[in-house]
Amino acid sequence: VVVDVPEAIWWDHDGRRELLYLAHVDIPTTWEKQKIKLQPLEWQALADGSFRMERELPNKVVFGTQIRPAKDAVRMELWLSNGTDKKMTGLVVQNCIMFKQAKGFTVQTNDNKLLRPPYIACRNDASDRWVITAWDPCFRTWGNRPCPCMHSDPKFPDCDPGKTVRLRGWLSFYEGTEIQKELDRIEATKWRATP
């Protein structure tokens, strides 16, 4: 699977809902509307096996992601630091889990997805393997039928000038048919409270 985190960050800007950031090009962002081009960034591979990315936007807002693989799951963290002089609100994040190259998961449907916010799980064609993701705090879970993918999209708390807000995410794989028991097991790990 491919994890696009963050795929997009929405915000309330001058009384409008706008894209603060988008990882691909199809909807104009705040910056594209101002003819400002953001340069591509690459992830940094760290010595402990984790990956990190940080971007500063033209308005001095900085956001970043850290991905930490472990034996039982991939732990994810997103942060946003407000370098502006105004409170930032409406900070909804889209995080996409794509299945284009995942054998058995590429059917274009939402019938193979289980939504239990903050969790969303997608099963393979044989119904014996699952990909599970979650973000906290979760704004919504959803699947995109035309594109084999799934989302657990979080929302940052409102962020005052000079402050930083954080989100935590989870990604794991399960082999079996008792998906609700697996979701209960994941919840019992208290992953939301541990970085």
Side-chain angles (χ1 to χ4, degrees), residues 1-13 17-24 27 50-53 55 61-70 72-82 87-99 102 105 109-123 129-160 163-174 178-195:
V1 301
V2 174
V3 180
D4 197 357
V5 54
E7 178 185 19
I9 303 174
W10 294 87
W11 67 325
D12 296 334
H13 178 62
R17 191 102 180 107
E18 286 193 3
L19 270 170
L20 181 66
Y21 172 78
L22 184 63
H24 47 80
I27 302 170
S50 63
F51 294 88
R52 188 174 196 280
M53 182 278 300
R55 178 182 287 279
V61 169
V62 177
F63 70 88
T65 305
Q66 183 138 354
I67 308 292
R68 289 183 297 279
D72 66 335
V74 177
R75 304 291 181 101
M76 301 176 282
E77 183 178 16
L78 271 169
W79 64 89
L80 183 139
S81 297
N82 183 357
K87 177 184 266 192
M88 297 183 73
T89 62
L91 294 164
V92 175
V93 180
Q94 284 182 215
N95 293 318
C96 184
I97 308 296
M98 295 175 278
F99 301 108
F105 290 87
T109 184
N110 282 330
D111 295 340
N112 62 352
K113 294 172 184 70
L114 176 71
L115 283 67
R116 298 284 188 272
Y119 300 98
I120 182 168
C122 181
R123 63 175 165 74
R129 292 187 180 167
W130 296 79
V131 179
I132 303 163
T133 194
W135 279 88
D136 184 61
C138 184
F139 178 71
R140 73 176 181 152
T141 55
W142 59 287
N144 185 351
R145 183 181 318 241
C147 173
C149 71
M150 67 181 182
H151 289 253
S152 175
D153 292 344
K155 184 176 182 182
F156 282 114
D158 292 349
C159 189
D160 288 320
K163 299 296 184 183
T164 298
V165 288
R166 296 180 183 278
L167 304 167
R168 291 203 171 96
W170 174 280
L171 173 71
S172 63
F173 306 91
Y174 167 68
E178 298 186 51
I179 188 63
Q180 189 56 55
K181 283 186 180 178
E182 176 62 5
L183 296 179
D184 293 343
R185 185 199 66 78
I186 293 169
E187 188 64 19
T189 68
K190 310 250 187 262
W191 63 271
R192 302 175 207 219
T194 54

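The figures here come from the full heavy-atom set of this structure, side chains too, leaving out hydrogens, waters and symmetry mates.
Between Pro137 and Leu167 the shortest side-chain heavy-atom distance falls below 4.5 Å. Side-chain atoms of Gln66 and Phe51, non-hydrogen and from C-beta on, never get closer than 4.5 Å to each other. Counting only heavy atoms from C-beta outward, the side chains of His151 and Gln94 approach each other to under 4.5 Å. Residues Val5 and Ile67 have side chains in contact (heavy-atom distance under 4.5 Å, counting atoms from C-beta outward). Here the side chains of Ile97 and Leu171 are in contact, with some heavy-atom distance below 4.5 Å. By the 4.5 Å heavy-atom criterion applied to side chains, Pro154 and Asn95 are counted as neighbours. Between Trp135 and Leu78, some side-chain heavy-atom pair lies under the 4.5 Å cut-off. Using a 4.5 Å heavy-atom cutoff, the side chains of Arg75 and Arg168 are not in contact.
Taken from CG in Leu80 to CH2 in Trp11, the straight-line distance is 10.0 Å, to the nearest 0.5 Å. Note that SG of Cys159 is 4.5 Å distant from CG of Asn82, once rounded to the nearest 0.5 Å. Between the CG atom in Leu91 and the CG atom in Asp158 there is a gap of 7.0 Å [rounded to 0.5 Å]. Taking OG of Ser50 as the start and CE of Met76 as the end, the distance is 13.5 Å to the nearest 0.5 Å. Annotation: the span from Ser152 atom OG to Ile132 atom CD1 amounts to 12.0 Å, rounded to 0.5 Å. Residue Lys113 holds its NZ atom at 8.5 Å from CZ of Arg145, rounded to the nearest 0.5 Å.
Residues forming a side-chain contact (heavy atoms from CB on, under 4.5 Å) with Phe139 (at least two apart in sequence, or on another chain): Val92, Lys155. Considering only residues two or more places apart in sequence or on other chains, Thr65 meets the side-chain hydrogen bond (donor to acceptor under 3.5 Å, both in side chains) condition with none of them. Residues passing the ring-ring contact (aromatic ring centres under 6.0 Å, His included) test with Phe156, sequence neighbours excluded: none. Under the side-chain hydrogen bond (donor to acceptor under 3.5 Å, both in side chains) criterion, Asp160 pairs with no residue at all, not counting sequence neighbours. Residues that satisfy the ring-ring contact (aromatic ring centres under 6.0 Å, His included) test with Trp79, not counting sequence neighbours, are absent from this structure.
Listed here is the closest heavy atom pair of Pro118 and Thr141: O-CG2, 3.6 Å. The minimum heavy-atom distance linking Ala23 with Pro6 is given by the pair CB-O, 3.8 Å. Of all the heavy atoms in Ala8 and Leu22, the pair that sits closest is CB-CD1, 3.7 Å. Scanning all heavy atoms of the two residues, the minimum distance from Cys122 to Phe99 falls at CB-CZ, 3.7 Å. Across Leu114 and Trp130, no two heavy atoms sit closer than the pair CB-CZ3, 4.2 Å.
When each of Met98, Arg129, Met150 is tested with Phe105 by the rule side-chain contact (heavy atoms from CB on, under 4.5 Å), just one qualifies, namely Arg129.
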Output a table of donor-acceptor pairs, distance under 3.5 Å, between side-chain atoms of residues 182-189 and any protein atom two or more places apart or on a different chain; print 'none' if there are none.
| from | atom 1 | to | atom 2 | distance (Å) |
| --- | --- | --- | --- | --- |
| Glu182 | OE1 | Arg185 | NE | 3.0 |
| Glu182 | OE2 | Arg185 | NE | 3.4 |
| Glu182 | OE2 | Arg185 | NH2 | 2.8 |
| Asp184 | OD1 | Gln180 | NE2 | 3.1 |
| Glu187 | OE1 | Tyr119 | OH | 2.4 |
| Glu187 | OE1 | Arg192 | NH2 | 2.9 |
| Glu187 | OE2 | Arg192 | NE | 3.4 |
| Glu187 | OE2 | Arg192 | NH2 | 3.0 |
| Thr189 | OG1 | Ile186 | O | 2.5 |
| Thr189 | OG1 | Trp191 | N | 3.4 |

Q.
If you apply the rule side chain to side chain contact (heavy atoms under 4.5 Å, CB included), what do you find for Leu20 with His13, and how did you get there?
A. CA-CA 9 Å; Leu20 181 66; His13 178 62; over 6 Å; no
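For the pair Asn110 (side chain) and Gly143 (backbone), a donor-acceptor distance under 3.5 Å is present. Distance alone, capped at 3.5 Å, is enough to place a donor-acceptor pair between the Arg123 side chain and the Asp111 backbone.
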